[in-house]
A.B. asks: 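Below: one structure in structure tokens.
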Amino acid sequence: MAPLEVTILIADDHVEAIDDVAAALQSAGLRLGQVLAATGVVTGAVEDAAAMETMAAVEGVAAVEPVQEVFIPPPDAPVQ
Amino acid sequence: MEINEAPLSGGTTGRSLVLFEEDGAEAGLQAVQEAIGFEVATATGDESMPAQGGVFFESLGVAVVDAPPDQVVQAGVSAAGAGAILAVEPERIVYAMEARQYAPPSNGHARLPEAPLAPMPATAAPLEAGGRSAEYLRGYREAVLHLTDAVGAEAAVAEAIVAAVDESQATWGLQVTKVVNCCRTGRGIRVAVLDTGFDEQHPDYAGRTITTRSFIAGEAAQDGHGHGTHCIGSALGAKCPGVRPRYGIAYESEIYAGKVLSNAGSGSDTGILAGIEWAVQNKCAVISMSLGAATRPGQKFSQVYERVARRAQQKGTLIIAAAGNESRRPGVVNPVGHPANCPSIMAVAAMDVQGAVARFSNRGINPDGGQIDIAGPGVDVHSSWPVPTRYRRISGTSMATPHVAGIAALYAEADRSARGAALGRLLTANAQRLQLSSQDVGAGMVQAP
């Protein structure tokens, strides 16, 4: 099964310690992508939807959301 | 007095709608009666149109009279009617709600100063008398709303529109937003455009301070699509481009071009959030994001983006995003997309040169952040495109968004203390109010300081 890409919001009171939260997320099974310290977000991938619950339970995590894709029309489209 | 030609593709009845000045109904009605030679009765509520004359709807300040507009117009020039009659318009045959093409009436408006009392065009055969029911009155109400809208909304922007159609020196968008009259340049302000990248070889950007970064694996920041170069053009393009007209707003700002959409036009939250982080760390005052994903009615906003946008604001960065192009007005309107639907991200609607909402522009349908915040020029927008094409004219809320972002940079330059949420409030507080639903245009058309 393909890994599920996620964005993880770090709680306000844990943004300062985001690296510690990222390490805890990795221990809980997160394939770490990036640690975005200024905005307090960790990106990465988990095995499945159930693993999102596991991530949400890690201390310092405020929210876990599946990654959405965005698209714009091709270059020759009149409305973009 | 305004005379509006029938703007809908449907027919007219041969009767006229007359809109009176608020305190001029009595004098205006008298003048109309003299002009058509019959009495106009005041509405009682169970109307069936008299065979001759007409009916006056007191609460609306409108009469429907059984005479063609060119005859009724005579009342407007008589001593009694002058100043009392605001507009005369042919009554329309109104159909049940379906996707009839709406044609905005502003062209007729633009001609009014030269020929305010020109005869109306020939009208269609009148409806047969009798049998007018609630259905008739519902249709009639729509016509009245249209007439009052035409006088109010269109008049509000008519001046700007008339001036705006000449694009030899500057695009219509820079004219209606008053950018052409503004002395601010965006100097010292960093603006990030998160999009398909940027064509650094474009000659209009020679000598500019440009920082690029790709968040797309395997692709350089060079714009292989065109969308990013077009958006950067509107927000940050040159004052004197190689080829007129001017299309860029904050022409002395520092350009931060983050590539979060691939050359094929796709991207994901992972890259977008990394791009926002990059812009915040680089102290960009404004992030322009002409991207998004469609949402459903009732869908909640992303908690991740909302908190990120609030943290960005606290660090001095305002995020502005496109409301989305999923609507097909007048029949289909869809809600503001992700992530513009976050309360702390400004959602931008698109308007056309005639002051109407673009047919594709999404609406504030979902509560709690799903509203439109402000509108920008987003139809027929001329801007830069990667070489060798150099320039292109396209439409979208994607094009409206960088107009708001560029103007945000002007406000940021003018008021060094206005950052984050305060900068957003400056944009909405100074927008040009429109006689259109705030669900469609938010605070109105963005205006330069």
Side-chain angles (χ1 to χ4, degrees), chain A residues 2-19 21-22 25-26 30-47 49 51-53 55-80, chain B residues 195-196 215 224-228 230-231 260-261 263-274 276-281 289-293 302-312 315 317 325 337-339 350 358-360 378-380 385-386 389 392-399:
Chain A
L4 184 63
E5 282 195 82
V6 292
T7 59
I8 300 172
L9 178 69
I10 308 305
D12 286 345
D13 57 2
H14 281 73
V15 173
E16 294 283 312
I18 190 167
D19 288 329
V21 181
L25 286 163
Q26 277 185 287
L30 179 73
R31 288 190 222 169
L32 185 65
Q34 296 184 81
V35 177
L36 309 175
T39 50
V41 173
V42 171
T43 65
V46 295
E47 286 306 316
M52 286 178 62
E53 302 287 336
M55 298 302 135
V58 170
E59 189 183 355
V61 171
V64 182
E65 294 179 1
V67 162
Q68 284 196 63
E69 295 206 313
V70 298
F71 301 93
I72 57 166
D76 58 355
V79 174
Q80 303 195 13
Chain B
D195 211 288
T196 58
F215 300 92
H225 182 287
H227 191 269
H230 200 276
C231 291
V260 302
L261 299 172
N263 293 332
S266 69
S268 78
D269 290 334
T270 305
I272 297 164
L273 289 167
I276 293 171
E277 170 88 5
W278 171 70
V280 170
Q281 284 183 332
M289 300 200 307
S290 292
L291 51 82
S302 160
Q303 289 184 62
V304 174
Y305 273 84
E306 169 57 16
R307 191 57 66 93
V308 162
R310 273 156 59 184
R311 287 172 182 165
K315 292 174 186 291
T317 303
N325 305 330
H338 159 84
R359 64 178 184 84
F360 49 76
V379 176
D380 236 5
W385 199 261
T389 304
R392 261 199 79 195
R393 188 175 282 275
I394 48 178
S395 303
T397 53
S398 282
M399 282 64 246

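Note on naming: letters A, B, ... go to the chains in the order of the sequence lines (proteins, then strands), and numbering restarts at 1 for each one. Keep in mind that the numbers below use all heavy atoms, side chains included, and drop hydrogens, waters and symmetry copies.
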A.B. asks: Counting C-beta onward and ignoring hydrogens, is there a side-chain heavy-atom pair between B:L273 and A:T39 closer than 4.5 Å?
C.D. replies: no
A.B. asks: Hey, does B:R311 have a side-chain heavy atom less than 4.5 Å from the side chain of A:L9?
C.D. replies: yes
A.B. asks: Distance check, rounded to the nearest 0.5 Å: B:I272 atom CD1 versus A:T43 atom OG1?
C.D. replies: 12.5 Å
A.B. asks: Please check if the side chain of B:R392 supplies one atom and the backbone of A:P75 the other of a donor-acceptor pair under 3.5 Å.
C.D. replies: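 Indeed, once roles are kept as given, a pair shorter than 3.5 Å links the two residues.
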A.B. asks: Do the non-hydrogen side-chain atoms of B:D269 and A:E65 ever get within less than 4.5 Å of each other?
C.D. replies: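 Answer no - side chains too far apart.
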A.B. asks: Among the options B:S290, B:A312, B:G292, pick out the one with the most heavy-atom pairs lying under 4.5 Å from chain A.
C.D. replies: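 Sorted descending by pairs with chain A, the first entry is B:G292.
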A.B. asks: Side chain of B:S398, backbone of A:Q80: donor and acceptor closer than 3.5 Å?
C.D. replies: yes
A.B. asks: Of the backbone (N, CA, C, O) and the side chain (C-beta and beyond), which part of A:V15 lies under 4.5 Å from a heavy atom of chain B, both, or neither?
C.D. replies: side chain
A.B. asks: Which bit of A:A11 comes within less than 4.5 Å of chain B, counting heavy atoms only: side chain, backbone, both or neither?
C.D. replies: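 Looking at A:A11, just its backbone touches chain B.
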A.B. asks: Taking A:Q34 for the side chain and B:A274 for the main chain, is one N or O donor matched with an acceptor at less than 3.5 Å?
C.D. replies: no
A.B. asks: Please tell me whether A:E5 and B:S268 have a donor and an acceptor in their side chains that are separated by less than 3.5 angstrom.
C.D. replies: no
A.B. asks: Test your reading of the model: is there a side-chain donor-acceptor pair from B:H227 to the backbone of A:P74, 3.5 Å cut-off?
C.D. replies: no
